[in-house]
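Worksheet for the structure shown next.
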Amino acid sequence: MAGIIRSTIAGRNVVALLSNRSVDLKCFRCASSNRVKRIKKPEITNRDANQAKAAAMRAEVEEQSALYEGQRFKSVAQSLSARGYLRAIKPYTPPENASEQVLSIAKDNKLTDTKQPFGGKDQKFAFLSACGKAFGHWVPNSLLHEVQTVDDAIVFYQTPIDTRLPLDAISSVELPENLHIQQEYIRFHPETDTMFGGKSAFPKSSTVVTGLKYKQKYRGHEAKKSWP
């Protein structure tokens, strides 16, 4: 009797379990069907309109590149002119007929179109070598790739190069009446400045002279300190 009761209870549990699983499966199917999204069909675009838009973008890029080519060497020339003493470059003062000389050298090298790029490396080398010998001023290696036409060479040989320090360059400029720059400045030394008994307005400050050039011109002074 006990065995029959146990089998009956076990059978009821199995039936309940199977019924629950079926419910869960149905719920899972409902949830999965809700989660699936429909794939949108790709829209058919106008091919002619896209091609016209791409052509307009290419034309704009070409126009911008042409403007950049026109301003490219001018910026380099301005940088070379303002560089001054920052590089080990010899000073250069362009002659008044620099443009005519470059055009004459270009004509000798069969370069008639001043805006046309050089035909090859040999032609460019022969032209720039002749210009360097005529002006005594050579295009540096860092700018060889920038000189592509005869006009670029004209701009280069019309650009002056000033290698003086800014303080030395100011000496040749006419300054306003209310501005005065003392080129030869004065350094205090107790042995030579005896107006106040060899005393300075800054008694605890030393005058340190650095550099071999200025050590021969100015004397240094080490102030005495009452405490380390």
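Keep in mind that the numbers below use all heavy atoms, side chains included, and drop hydrogens, waters and symmetry copies.
A donor-acceptor pair is defined here as one N or O able to donate and one able to accept, closer than 3.5 Å; such a pair exists between the side chain of Thr159 and the backbone of Val155. Formation of a donor-acceptor pair under 3.5 Å by the Lys110 side chain with backbone atoms of Gln123 is not found in this model. With hydrogens and angles ignored, the 3.5 Å screen pairs a side-chain donor or acceptor of Ser206 with a backbone N or O of Ala223. A donor-acceptor pair is defined here as one N or O able to donate and one able to accept, closer than 3.5 Å; no such pair exists between the side chain of Ser129 and the backbone of Ala126.
We find the CD1-CG distance between Ile154 and Leu103 to be 4.0 Å, quoted to the nearest 0.5 Å. Note that OG1 of Thr207 is 10.5 Å distant from CD of Glu222, once rounded to the nearest 0.5 Å. Taken to the nearest 0.5 Å, the NZ atom of Lys115 stands 6.5 Å off from the CG atom of Asp151. Rounding to the nearest 0.5 Å gives a distance of 4.0 Å between CZ of Arg164 and OG of Ser172. For the atom pair CG (Asn109) and CG (Asp122), the distance works out to 11.5 Å, reported to the nearest 0.5 Å. Separating the CD atom in Glu177 from the CG atom in Leu179 is a distance of 11.5 Å, to the nearest 0.5 Å.
Aromatic ring orientation, Phe135 versus Tyr157: parallel (interplanar angle below 30°, classes split at 30° and 60°). By the 30° and 60° cut-offs, the orientation of the rings of Tyr92 relative to His137 is parallel.
Across all non-hydrogen atoms, the minimal contact from Thr192 to Arg219 is CG2-NH1, 4.3 Å. Listed here is the closest heavy atom pair of Asp162 and Ala169: OD2-CB, 4.3 Å. Across all non-hydrogen atoms, the minimal contact from Phe156 to Leu143 is CE1-CD1, 4.1 Å. Considering all non-hydrogen atoms of both residues, Ala153 and Val102 come closest at CB-CG1, 4.2 Å. Shown here for Gln158 and Pro94, the closest heavy-atom pair between the two residues is O-CG, 3.6 Å. Across every non-hydrogen atom of His189 and His221, the tightest pair is CD2-CB, 4.0 Å.
In the hydrophobic clustering of ILVMFWY residues, with side-chain heavy atoms under 4.5 Å counting as a link, Trp138 and Phe125 come out apart. Residues Ile181 and Val173 fall into different hydrophobic clusters, defined by Ile, Leu, Val, Met, Phe, Trp and Tyr side chains chained together at heavy-atom separations under 4.5 Å.
Checked by atom type, the side-chain pair Asp152/Gln148 shows no donor-acceptor distance below 3.5 Å.
By the 6.0 Å contact criterion, NZ on Lys204 is enclosed, its count of non-hydrogen atoms from other residues, nucleotides or ligands being greater than 12.
Screening Asp113, Thr112, Leu111 for a side-chain contact (heavy atoms from CB on, under 4.5 Å) involving Val150 leaves a single residue, Leu111.
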